[in-house]
Amino acid sequence: MMRRFPQIAPPLIALAILLVAWELGVRYGFLKPYQFPPVSRIASGFVELSTIGFPTGVSIWSHTLTTLVRVLLGYVGALALAIPLGVVIGSFQVLDKLTAPLVVFCRSVATLSLLPLVIVWFGAGELTKVFLIGYGCFWVMLSNVIAGVRYVDPVLVRAARTFGLHGGELFRRVVLPAALPRIFAGARMALGVGFMVIVGAEMIGTIEGLGALIMEARTFYRSEITIIGMLIIGVIGFAISAGLTALERLLLPWAGNLDAVRR
Amino acid sequence: MLDHDNLARCALRRSEAPVAKRTTSPFLQFIAINSVGKTFAARTGSSISVLDCVDLTIAENEFVSFVGRSGCGKTTLLNIIAGLEDATQGQITIAGRPVTGPGQGQGVVFQQHALFPWLTAVDNVAFGFRKSGLNKTDRRQKAMDLLTLVGLEAAASKYPREMSGGMQQRVSIARALALDPQILLMDEPFGALDELTRIELQHELLRIWEAQRKTVVFVTHSINEALMLSDRIVLLAPNPGRIKRVFDVDLPRPRSRTEPRFNALYEEIWDELST
């Protein structure tokens, strides 16, 4: 612990200096507070948000909870569809070749560009938001599951064949476990996409959720609230990602050489 | 299955350029490779001949090495014996039964360790007992015995990524032995190891071979390695892959690299390889 302290000290000191300079810059009129809200304002904004709420009555915690539920619904739904479908597509070369252009195309379409169309389909309610998040997560997850199942080291398959494994048993005992690290990597990437989509998805038809909070703050020139929203999304994303990494360490202790994929 | 044109062509080839004495004794024909050829369809519509008219018999408990340059088809031939690839001409029999796939008494050790990364050393070896009908406890017990045989009982609970290259290949050998194979097929198993580990594992392999009495077919780039280990060395030549000459290594074991006869054989093989 003592040894690590000096390593984290310099960036902390740098950050502190930056924040103090920022604060002073606003106090002495060099920076406009609605363009660069200082720390003191962000702090008081946070107190306001967690007591009175913004808009009045909707606290920061209820915004957070709303967003979290939407992201998780879309995310879990996308995973539940993408994993079995990806396993099937990845198992048959024909299916992979047939669907590859579609998967690449759909994954490349910026999810939020679908917003107008999805509103036409599902209205401006909950379903639209969950659908958009799900859409973003789904294609990222699907392409990773397909790749994981499809590109299993052929020497492992050969080895398994020398022990008399074939067909379903080969698939269950060798192909699936070999694909798991890639599937986990896909799950982590998809989560990132989910949080990227949420702000846009909450722009319309709601006053609840962190995305709505950020947009609403803009209307009232409350830039410090935008920053609070950003920070909370960042913290949640970081926490869930760390949770997934921990889960992977627990479930796949053998895949320790995948640190590069992990980020 | 019997392609008479191919057989006749190969018989003619044999009479023109005999590479070794042929035996008809079934005892000495534990593995019989009869006029085996392998051609791939190339993209241009022509075909590439990887192996052509390979005739060889290997006796039970014999240690035979395939030596040759890259592209001479030695790994392909090993894979055909393993049942992992099909011959396009000819046939291979093991103890009189034609090879139709893996799992007919062939254990394989690959160049790269092909251990399952999600299984520990002992579970990788136990994987080899899957089809043995033993229950889980017995499988693990037998796997531990094999790990002890290769000197790795202490590393039983390690995952492949936690082991050195030499340890990984030891586990690979133990896993192949789990099938209790009559034949151990090894495709450059020590090729990726450092010199010291390689020599260590060569000694280990000879010890296991002598204790367990297996027939071993061993692919290697190294003439030295082949001379240290084998009863016979089969030299293959490329374009198309074929047997060029078979050498009997009439040296008592344990062998020494400094023996004059060892070096004479080395020179002889090297000459044949470079002409």
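In what follows, chains carry the letters A, B, and so on, assigned in the order in which the sequence lines appear, proteins first and then strands, with residues in each chain numbered from 1.
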Checklist entry - Pick from A:Ala159, A:Pro177, A:Ala160: which one has the most heavy-atom pairs with chain B under 4.5 Å? => result A:Pro177
Checklist entry - Should the heavy atoms of other residues, nucleotides or ligands under 6.0 Å from CZ of B:Arg213 be counted, would the total exceed 12? => result yes
Item to check | For the student: nearest non-hydrogen atoms of B:Leu84 and A:Arg161, plus distance | outcome: O-NH1, 3.7 Å
Item to check | Side chain proximity check, A:Arg158 to B:Val108, heavy atoms < 4.5 angstrom | outcome: no
Checklist entry - Counting heavy atoms not belonging to B:His221, are there more than 12 under 6.0 Å from its NE2? => result yes
Item to check | Inter-residue atom distance B:Thr120.OG1 - A:Trp254.CH2, 0.5 Å rounding | outcome: 13.0 Å
Next on the checklist: Below 4.5 Å, heavy-atom pairs only: which of B:Tyr159, B:Phe110, B:Trp118 has the largest tally toward chain A?
Outcome noted: B:Trp118
Next on the checklist: So, taking the atom named CZ in B:Arg130 and the one named CD in A:Glu169, what distance separates them when rounded to the nearest 0.5 Å?
Outcome noted: 5.5 Å
Item to check | Check against side-chain contact (heavy atoms from CB on, under 4.5 Å), B:Arg175 and A:Phe163 | outcome: CA-CA 10 Å; B:Arg175 189 181 62 174; A:Phe163 296 106; 3.4 Å; yes
Next on the checklist: For B:Lys142, is the NZ atom crowded, meaning more than 12 foreign heavy atoms sit under 6.0 Å from it?
Outcome noted: no
Item to check | Structural part of B:Leu119 lying under 4.5 Å from a heavy atom of chain A | outcome: neither
Item to check | Greatest number of heavy atom pairs closer than 4.5 Å to chain A - which of B:Gly101, B:Pro181, B:Gly128 | outcome: B:Gly128
Item to check | Interatomic distance, A:Thr162 atom OG1 to B:Gln104 atom CD [nearest 0.5 angstrom] | outcome: 13.0 Å
